[in-house]
K.L.:
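Structure provided below as C-alpha cells; questions to follow.
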Amino acid sequence: QDLLYTLNGPGAPDGLTPGAYGLWLELASAGYTDSNEFIILLNYGLDPTQFEAGVVAAAALVPEPTTALSAVIAGLLAISRRRFGS
C-alpha cells in the first residue's frame, strides 16, 4: 500500500519552517517478518550542507545496528547532491 503524507505547518505555505523532517517507520505484513526500523528523511527548504547535518543528526537517533541505515543515508545524500547540484 502506498504511504501518503503532507507537511503542514503554521501560516501560509511560504511561512513554513525549513528543516529536515523524518518519518520513523517499521513495515509489517501478515505472513512476513516485520522489517527493521528505518527513517525516511525529507528536506524542506534547507541547502545541501544543512540537510546533510540533519541526516547526521538523525543517524545518531537510531540504535545499533546502523549498517543498513548508513546505506540509506548515503543514498539520500547522493540523491540530495544530484538534485541540488552540489
Side-chain angles (χ1 to χ4, degrees):
Q1 185 174 20
D2 294 333
L3 178 65
L4 302 175
Y5 50 86
T6 303
L7 177 62
N8 293 315
D14 61 347
L16 297 176
T17 304
Y21 294 88
L23 302 167
W24 192 306
L25 302 171
E26 178 181 15
L27 302 179
S29 180
Y32 295 95
T33 303
D34 292 353
S35 74
N36 292 330
E37 294 178 338
F38 61 97
I39 295 174
I40 296 176
L41 202 60
L42 305 169
N43 181 357
Y44 182 78
L46 299 178
D47 67 42
T49 302
Q50 292 170 319
F51 182 64
E52 188 168 335
V55 170
V56 170
L61 300 173
V62 179
E64 290 296 331
T66 59
T67 304
L69 179 65
S70 296
V72 171
I73 289 172
L76 289 172
L77 289 174
I79 291 168
S80 174
R81 287 186 180 133
R82 274 187 263 150
R83 184 173 287 164
F84 295 106
S86 64

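These numbers were taken from a predicted model, which means no experiment stands behind them.
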K.L.:
What are the two closest non-hydrogen atoms of Ala58 and Leu41, and how far apart are they?
P.N.:
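So the two residues come closest at CB-CD2, 4.1 Å.
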K.L.:
If you round to the nearest 0.5 Å, how far is CD of Glu52 from CG of Leu46?
P.N.:
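Rounded to the nearest 0.5 Å, the CG-CD separation comes to 12.0 Å.
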K.L.:
To the closest 0.5 Å, what do you measure between CG (Asn36) and CG (Leu27)?
P.N.:
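Reported value, rounded in 0.5 Å steps: 10.0 Å.
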K.L.:
Could you work out, with side-chain contact (heavy atoms from CB on, under 4.5 Å) as the rule, every residue matching Leu25, not counting sequence neighbours?
P.N.:
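Listed in chain order: Leu3, Leu23, Phe38, Ile40.
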K.L.:
How close do Gly54 and Ala20 get, heavy atom to heavy atom, and via which atoms?
P.N.:
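Heavy-atom minimum between the residues: CA-CB, 4.3 Å.
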